[in-house]
Amino acid sequence: MDIPGYRIQREIGQGRSSRVYLALQHAFGKPVAIKVLSPEVFRRKKRRASFLARGTVARALDHPNIVRVLDTGETADAAYVVMEYVRGGDLNANLRDGLHMQNVLAVVGDVASALGHAHDKGIVHGDVKPDNILINEQGTALLSDFGIAMAAGTGVAAVEAGGTPGYMSPEQAAGRHIDARSDLFGLGVVFYLMLTGRLPFDPNSEDGSMPSRDGPPALPTQMGAVEAVVHRLLARSPDDRFRSAVEIVDALHAVRNGDSVPNAMVKTAAVSTSEIAALAIRGERPGGGFSTDRPARLRRAGGAATVLGVVLLVGTAWYLGNESGTLQRALAVAGLVEHPDVVVALQAADALRRDPSHALGKVVEAYRGVLALDPGRVEAQVAVDELARQWKEEIGRLIDQGEFGTAGQTLADWASTFPNDPEFSGLSDRLADRRQAVALLEQSIRLLDSRGLGDVRAVGSAIDSLKEVLTLQPGHPGALAKLDEVAIYYGEAARQHAVADDGPAAWDAILVAERANPAFEGVEDVRALVMAAVEEHDAARAWFDERLQRAAALRESGALVDAIEMYRSVLVIEPDAAVALQGLAGTSSDVLAEFEALLNNDQLDDATALFETARKAGIPDGAVEEMRVVRDAKMKRIADVARLIDEAESLLQEGYVTGPDPENSAVARLREALRLDADNADGIRLRSMAATRLADVAEEAYYAGMAEEGLQYLDFALAVIPGAASWRAKRDEWQAEIWRERAAESEQPDGERVP
């Protein structure tokens, strides 16, 4: 089968009218699931159009608990829907392995959230069942197969919509029109099944989906905390069910926060005495921790926790209650139930968080205590991240309000709690800049008040300080007001000197005014008066020409900033002076070239100093902006490379060398880092480490009898470092051996090979 843009890998699922395949997207090598309509159904034009139309409807849904539909289309012999590929299996598989009661509630809540989003869009799913609930590797439930979804209110009868016996609501089974509440009934059936291992109603009876007037069968006594929620979901009349999915989520939160959920697990496979023995002898790991091979939000037995003697009992759920002691802790070690210490620690941390009297640091430490017991506990990590975000927002608010003392203490507390947070330096610099800006403004005001605006040297120093305030805090109203005051004062002085025909004095005054604020009110009129006064005096005119010559000489000697100041002093009086404009433009280009050379040589401090002095000297705004863009791009590139290297190192430590998502792995991070900085030593070192790890895994897989997997991992290693000759030779050797084995397996009994 050929689907444009995708390479089919293998079949991973099958339905009544379709098959599902695992495929790779050609463009990115990203794994996807492709649902393809069966040939006999494809030939029916109306069914084919309906299949594609409903795939398009599902494509409009964007929610973290809904399997995303990425594309729809058809070829000459196939109609298909492309979806994200979710590892981890469906709900049936997860129930066989075992789900803790907290995970059961989480799954129901996830599916309810998904349904709520769909219902808000006017879409009814129509077939909520375990087969259509997938669990990803993080333990999150995702609702899939909106292939029979319909827009609510379209008038489509339930019998036309399909559905699965045993999971359909009474109105859907009867062929009546359905709405969102029908999906909630289906969710209730799934919930009941998860808790008991059986359907609440016999689908083979005449009224298989019809609850009795007494409601569904009672739940086991130990499930009493959720019985009211289940019974309301399974109400015979839609009017007696929850009105929306949001109500279900709220009800589940209330149950979980009520401390009445049993610390236990349910599974649809028997737990034998040999299994318990196998678990008990493992004991707890050193340091009080326990296995975290699978995501803590949804623990399952697997890998090193393989269980002996388990007998699958179809339709029967086994419930491990609130046992204490060896059995409960042994099951926790194996990942079959949550560790009791984790549950207690998480409840304590949640309680601290709800109490506003506790410092954020204490709350964070409580959640970190949970993570120390269970490093994969998603709720605890999410809480820590959220608390860090709130903490940083509070620091920013304090800085903006000028509460620097409190901000500094809060920042210190945050830094001691999150010492490696990359945003610390930014917040610390922001606080330091604001403090310095306030100090400089106060210093400038004191200087001007004590010396007076008539003291040119004092005014010049104050202007420098006020401009620095604006660099530290752009748009500072106090600094802008003081600069405007200085500009107006010296603008008036320039006007008076010009009226008195004192050209040199008028020139000196307007230079100060323009330096304070080149756009002060009335600047054009004052400039015209000063120019006229200058032209009346030969000495002033000669001084004008001499400044142009000095500016050119300064530029030639490499004193670029001084040259800019000299050209600017001429342009203050005669803004259209062609020689000065050309000289300023050329000097600005020289400054920009020197600035870029310093950045390229990683002389960041020197480049920053040049930028600041050139800006103060009066380099044109366009050049300032260009320098800022170049500098910011360089700094961003440095920061991005550092971040990518850190993320790659973390992903390597967690084992995500090339997956689970090829675009979210250590190799992907390193590839991007080395694209930005090809000579980065850390990036080159980590890339070699990642490739070597892949090659090691390839050997382990190959010699463990998984030849195809070994070959694939070796290909991954060569994709990271293509020039590794030894790996390439090994790959050729393995490929030849695989071909020989395949040829041997294909021999006929008479000894002849199949051509």
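Atom set for the values below is all heavy atoms of this structure, side chains included, hydrogens, waters and symmetry mates excluded.
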S.K.: Is it true that, when you exclude Arg631 itself, more than 12 heavy atoms of the residues, nucleotides or ligands shown sit nearer than 6.0 Å to its CZ?
M.R.: yes
S.K.: Quick check on Arg550: does its CZ atom have over 12 non-hydrogen neighbours (other residues, nucleotides or ligands) under 6.0 Å away?
M.R.: no
S.K.: Parallel, tilted or perpendicular, judged at 30° and 60°: which one describes the rings of Phe418 and Trp414?
M.R.: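 Plane angle between 30° and 60°, so tilted.
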S.K.: Using every non-hydrogen atom in the two residues, find where Ala407 and Ile399 come nearest and quote the distance to one decimal.
M.R.: CB-CG1, 3.9 Å
S.K.: When rounded to the nearest 0.5 angstrom, what is the spacing between CG in Leu441 and NZ in Lys482?
M.R.: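 Taking CG in Leu441 and NZ in Lys482, the distance rounds to 8.5 Å.
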S.K.: What residues form a ring-ring contact (aromatic ring centres under 6.0 Å, His included) with His476, not counting sequence neighbours?
M.R.: none
S.K.: For Tyr489, enumerate each residue passing the ring-ring contact (aromatic ring centres under 6.0 Å, His included) test, keeping only those at least two apart in sequence or located in another chain.
M.R.: none
S.K.: Side chains of Phe404 and Val438: closer than 4.5 Å at any heavy-atom pair?
M.R.: yes
S.K.: Run Asp413 and Lys362 through salt bridge (charged side-chain N to carboxylate O under 4.0 Å, His left out) and show every step you take.
M.R.: CA-CA 11 Å; Asp413 293 342; Lys362 184 176 181 180; over 6 Å; no
S.K.: Atom CD of Gln473 and atom CD of Gln436: how far apart are they, to the nearest 0.5 Å?
M.R.: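 Rounded to the nearest 0.5 Å, the CD-CD separation comes to 12.0 Å.
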S.K.: For residues 682-697, which side-chain donor-acceptor pairs fall under 3.5 Å, sequence neighbours excluded?
M.R.:
{"unit_1": "Thr692", "atom_1": "OG1", "unit_2": "Ser688", "atom_2": "O", "d": "2.8"}
{"unit_1": "Arg693", "atom_1": "NH1", "unit_2": "Leu652", "atom_2": "O", "d": "2.4"}

S.K.: The test is side chain to side chain contact (heavy atoms under 4.5 Å, CB included); show your working for Glu647 and Glu672 and say whether it passes.
M.R.: CA-CA 11 Å; Glu647 290 177 359; Glu672 180 64 14; over 6 Å; no
S.K.: State whether the side chain of Arg728 and the backbone N or O of Pro722 hold a donor-acceptor pair below 3.5 Å, judged by distance alone.
M.R.: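 Judged by distance alone, yes, a pair lies under 3.5 Å.
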S.K.: Less than 4.5 Å apart, any side-chain heavy atom of Val370 and any of Gln381?
M.R.: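 Val370 does not reach Gln381 side chain to side chain.
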S.K.: Mark yes or no for whether Ser428, through its side chain, and Phe424, through its backbone, hold a donor-acceptor pair below 3.5 Å.
M.R.: no
S.K.: Between Glu394 and Lys392, is a salt bridge (charged side-chain N to carboxylate O under 4.0 Å, His left out) present by the stated rule, with each step listed?
M.R.: CA-CA 5 Å; Glu394 175 65 10; Lys392 286 181 278 191; over 6 Å; no
S.K.: Is the number of heavy atoms from other residues, nucleotides or ligands within 6.0 Å of CD (Glu699) greater than 12?
M.R.: yes
S.K.: Charged N to carboxylate O below 4.0 Å: is that the case for Asp640 and Arg675?
M.R.: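 Judged by the 4.0 Å cut-off on N to carboxylate O distance, Asp640 and Arg675 do not form a salt bridge.
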S.K.: Any chance you could measure Ser465, atom OG, to Leu470, atom CG, to the nearest 0.5 Å?
M.R.: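 Answer for the OG-CG pair, Ser465 versus Leu470, is 11.5 Å.
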S.K.: Could you check whether any side-chain heavy atom of Val486 comes within less than 4.5 Å of a side-chain heavy atom of Asn517, counting everything from C-beta outward?
M.R.: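 No; the side chains remain at least 4.5 Å from each other.
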S.K.: Given Leu581 and Leu571, is the side chain to side chain contact (heavy atoms under 4.5 Å, CB included) satisfied, shown in steps?
M.R.: CA-CA 8 Å; Leu581 287 172; Leu571 290 169; 3.7 Å; yes
S.K.: Donor-acceptor check, side chain of Ser589 to backbone of Ala585, threshold 3.5 angstrom: yes or no?
M.R.: yes
S.K.: Would Glu596 and Lys634 count as a salt bridge (charged side-chain N to carboxylate O under 4.0 Å, His left out) if you check the C-alpha gap in whole Å, the side-chain angles of each, and the deciding distance to 0.1 Å?
M.R.: CA-CA 10 Å; Glu596 290 182 342; Lys634 175 70 173 179; over 6 Å; no
S.K.: Is it the case that the side chain of Lys467 and the backbone of Arg515 share a donor-acceptor pair, with hydrogens and angles ignored and the cut-off at 3.5 Å?
M.R.: yes
S.K.: Apply the test side chain to side chain contact (heavy atoms under 4.5 Å, CB included) to residues Glu393 and Arg389: give CA-CA distance (whole Å), side-chain angles for both, the deciding distance (0.1 Å), then the verdict.
M.R.: CA-CA 6 Å; Glu393 287 180 353; Arg389 183 189 64 78; 2.5 Å; yes
S.K.: Could you walk me through whether Arg628 and Asp632 pass salt bridge (charged side-chain N to carboxylate O under 4.0 Å, His left out), step by step?
M.R.: CA-CA 6 Å; Arg628 183 178 286 112; Asp632 291 350; 5.3 Å; no
S.K.: Tell me which pairs pass salt bridge (charged side-chain N to carboxylate O under 4.0 Å, His left out) where either residue lies in residues 713-724, with sequence neighbours left out.
M.R.: Asp715-Arg731
S.K.: Which residue pairs pass the salt bridge (charged side-chain N to carboxylate O under 4.0 Å, His left out) test with at least one member in residues 551-568, sequence neighbours excluded?
M.R.: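 As it turns out, the salt bridge (charged side-chain N to carboxylate O under 4.0 Å, His left out) pairs with a partner in residues 551-568, which skip direct neighbours, are Arg555-Asp590.
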S.K.: Counting only heavy atoms not in Asp62 (residues, nucleotides, ligands), do more than 12 fall under 6.0 Å from its CG?
M.R.: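 Atom CG in Asp62 is not crowded, with 12 or fewer foreign heavy atoms closer than 6.0 Å.
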S.K.: Answer whether the closest heavy-atom distance between the side chains of Arg495 and Asp525 falls below 4.5 Å.
M.R.: no
S.K.: Is there a side-chain contact between Thr417 and Arg368, using heavy atoms and a 4.5 Å cut-off?
M.R.: yes
S.K.: Please indicate whether Tyr85 has more than 12 foreign heavy atoms, meaning atoms of other residues, nucleotides or ligands, lying under 6.0 Å from its OH.
M.R.: yes
S.K.: About how many Å separate NZ of Lys730 and CG of Leu718, when rounded to the nearest 0.5 Å?
M.R.: 10.5 Å
S.K.: Can you list everything that forms a ring-ring contact (aromatic ring centres under 6.0 Å, His included) with Tyr367? Sequence neighbours excluded, please.
M.R.: none
S.K.: Within a 6.0 Å radius of atom CD on Glu403, are there more than 12 heavy atoms belonging to other residues, nucleotides or ligands?
M.R.: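 Yes, CD of Glu403 has more than 12 neighbouring heavy atoms, counting only those of other groups under 6.0 Å.
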S.K.: Measuring only between side-chain heavy atoms, which start at C-beta, is Val591 closer than 4.5 Å to Met627?
M.R.: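 Yes, their side chains come closer than 4.5 Å.
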S.K.: How close do Ala462 and Leu447 get, counting heavy atoms only, and between which atoms?
M.R.: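 Smallest interatomic distance, heavy atoms only, reads N-CD2, 4.0 Å.
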S.K.: What's the separation between atom CG in Leu554 and atom CG in Leu560, rounded to the nearest 0.5 Å?
M.R.: 9.5 Å
S.K.: Looking at Val657, Val720, Leu644, Ile645, which hits side-chain contact (heavy atoms from CB on, under 4.5 Å) with Leu670?
M.R.: Ile645
S.K.: Is the side chain of Asp455 donor-acceptor paired with the backbone N or O of Arg451 at a distance under 3.5 Å, no angle test?
M.R.: no
S.K.: So do the side chains of Val523 and Glu521 get within less than 4.5 Å of each other, counting heavy atoms only?
M.R.: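 SC-SC contact between Val523 and Glu521 ruled out.
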S.K.: With a 4.5 Å cut-off on side-chain heavy atoms, are Leu440 and Gln443 touching?
M.R.: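 They are in contact (side-chain heavy atoms under 4.5 Å apart), so the answer is yes.
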S.K.: Show the numbers, then the answer: is there a side chain to side chain contact (heavy atoms under 4.5 Å, CB included) between Phe520 and Asp484?
M.R.: CA-CA 6 Å; Phe520 69 87; Asp484 198 47; 4.1 Å; yes
S.K.: Around atom CG of Asp605, are there more than 12 heavy atoms from other residues, nucleotides or ligands closer than 6.0 Å?
M.R.: no
S.K.: Looking only at atom types and distance, does a side-chain atom of Thr140 sit under 3.5 Å from a main-chain N or O of Asn136, one as donor and one as acceptor?
M.R.: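 No, Thr140 side chain to Asn136 backbone: no donor-acceptor pair under 3.5 Å.
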S.K.: Is Arg615 close enough and on-axis enough to Phe595, meaning under 6.0 Å and within 45°, for cation-pi?
M.R.: no
S.K.: Identify the heavy atoms of Arg377 and Leu371 that sit nearest to each other, and give their distance.
M.R.: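 Looks like O-CD2, 3.5 Å.
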S.K.: Quick one about Arg397 and Gln401 (side-chain donor to acceptor, distance below 3.5 Å, no hydrogens or angles considered), yes or no?
M.R.: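 Checked: Gln401/Arg397 side chains pair up, N/O donor to acceptor below 3.5 Å.
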S.K.: If you take all heavy atoms of Arg669 and Ala648, which pair is closest and at what distance?
M.R.: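 Shortest heavy-atom separation between Arg669 and Ala648 comes out as CB-CB, 3.7 Å.
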S.K.: Quick one: do Arg434 and Asp400 make a salt bridge, cutoff under 4.0 Å?
M.R.: yes
